[in-house]
Undergrad: 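Here it is, the structure, as structure tokens.
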Amino acid sequence: MSLEGRTIALVEDDPIMGESLMERLSLEGAKVLWWQDCRTASENLAAFAPDLVVCDIRLPDGTGEDLFRSASTTPDCPPFLFVTGHGDIDQAVRLMRNGAGDYITKPFETGRFLDRVAQLLRPIEQGATPVLGVSRQMYEVQRLLQRIGRLPAPVLLTGETGVGKEVCARYLHGVRGPTAPFVAVNCAAIPKDLMESELFGHEKGAFTGASSRHLGYAERARDGILFLDEIGELDLKLQAKLLRLLEDRSFHRIGGETEIAFRARLLCATNADLPARIKAGRFREDLYYRINVLTVTIPPLRERPDDTEWLAERLVETLAAEVGAELAGLSGLALDELRAYDWPGNVRELRNRIERAVSLSPGPWIMPGDLFPDQWTAPSVTDPKVGSLEAARDEAEKREILRALRQSGGAIVEAANALGISRTTMWEKMRRHHIEASSA
């Protein structure tokens, strides 16, 4: 049996038993998290999301039952294998009836223990090969999308701008069946007065300019997916019509009398705080609960640094092939900068920077300056030392006297007249500026 790629949480306060089980599970390929009390386990279970919890019933600060009851309130609670003495069998049986998984009594043979572990581990879903990312967070997102991919219920994708909500929507579409239509609509990009017609379509003559029948996005999606991006920007009037569409599973084209069945699955995405918009009167609460049946939250790139390098290298390979660039890849210095950067624009910003670097890098390696040219500041040219106003006036005066003498062919009286000064003053200024009478 191999436990390669599996994460198992071990909650055991006995150092000898804990060390033995941890060593054995590690030899089978599992990543083992060993906690020795209820408090530590409770604080870390949700964050690490193990595939299985091996838990002693009696712990220094509580019981395994306490931990199980706490874990059971979280989504996707892992199965529990309780390790118990003969005196706690009744409690272990009660826990199994409550959905714990299984128990094993001490002392036990290693082979029997490993068999119980293997039986409780849920099978890895098809498509577990990283597609959306290699971080634990994106693995969980991918696994969740796999689980809900063929369900009919609406899905709400949430997350910051640029995290890849449409990429996740298209991945879910692939799970559902890539041959079905995928119709994407950006609710913020279509003018409010055109949105109803674009979404539901219209009949010929329905309004001025409607010269022919127009099929809307809801009809073109057929039995595939209708993806409404930036759903928070949808006008309140259209929110009401969208709610009616979901409740009746049918709609009418503008100006039409024939009822049209809506067969597509609805996916929505937003970077907005919809509950806050509900309080502000900008989003319908009833629509929110209707589209929020299944929620998938995409974490920002700064919270999953493992994905940064993986995504960057894939983007370099893909974009270099598209433009025919011969690149060796990202230099070690460039990778260091990628890991250190905070990525306020998330994956969209990463793609933009990689695309620019691939296009403009002199090669063969992409360097930090290729990725972050905006962070480079050209050395400033040092300005000459500021002089006094008197010196500046003297320099300007000398320049004008010389110019007047050149224009007059050296005639001092003529030059003085041109400058609007007397001949005596002209002589004084020439002497002060060391200008020879022959200057011309």
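This is a predicted model, so every value here is computed, not measured.
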Undergrad: Determine, using ring centers only, whether Phe200 and His252 are less than 6.0 Å apart.
TA: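 His252 vs Phe200: aromatic centres not under 6.0 Å.
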Undergrad: Which heavy atom in Pro79 sits nearest to a heavy atom in Asp51, and how many Å separate them?
TA: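 Looks like CD-O, 3.3 Å.
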Undergrad: Examine the side chains of Gln91 and Tyr103 and answer whether a donor and an acceptor come within less than 3.5 Å of each other.
TA: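 Their side chains do not contain a donor-acceptor pair, so the 3.5 Å distance test is not met.
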Undergrad: Do Tyr341 and Glu349 have side-chain N/O donor and acceptor atoms under 3.5 Å apart?
TA: yes
Undergrad: Indicate whether the side chain of Asp370 and that of Ser361 have a donor and an acceptor atom separated by less than 3.5 Å.
TA: yes
Undergrad: Please output the side-chain donor-acceptor pairs of residues 313-320 that fall under 3.5 Å, not counting sequence neighbours, one pair per line with the distance.
TA:
from: Arg314; atom 1: NH1; to: Val131; atom 2: O; distance (Å): 3.4
from: Thr318; atom 1: OG1; to: Arg314; atom 2: O; distance (Å): 3.0

Undergrad: Side chains of Thr105 and Thr84 only: does a donor on one sit below 3.5 Å from an acceptor on the other?
TA: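 Side-chain D/A pair, Thr105 to Thr84: absent.
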Undergrad: What pair of heavy atoms forms the shortest contact from Ala261 to Phe251, and how long is it?
TA: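 Closest approach of Ala261 to Phe251: O-CE2, 4.1 Å.
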Undergrad: Parallel under 30°, tilted from 30 to 60°, perpendicular over 60°: which one fits the rings of Phe372 and Trp343?
TA: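 Taking Trp343 first and then Phe372, their aromatic rings sit tilted (interplane angle of 30° to 60°).
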Undergrad: Mind jotting down which residue pairs meet the ring-ring contact (aromatic ring centres under 6.0 Å, His included) criterion with at least one end in residues 141-160? Sequence neighbours excluded, please.
TA: none
Undergrad: Hey, are Asn346 and Glu160 close enough side-chain-wise for a donor-acceptor pair under 3.5 Å?
TA: yes
Undergrad: Relative to the ring of Phe113, is the ring of Phe108 parallel (under 30°), tilted (30 to 60°) or perpendicular (over 60°)?
TA: parallel
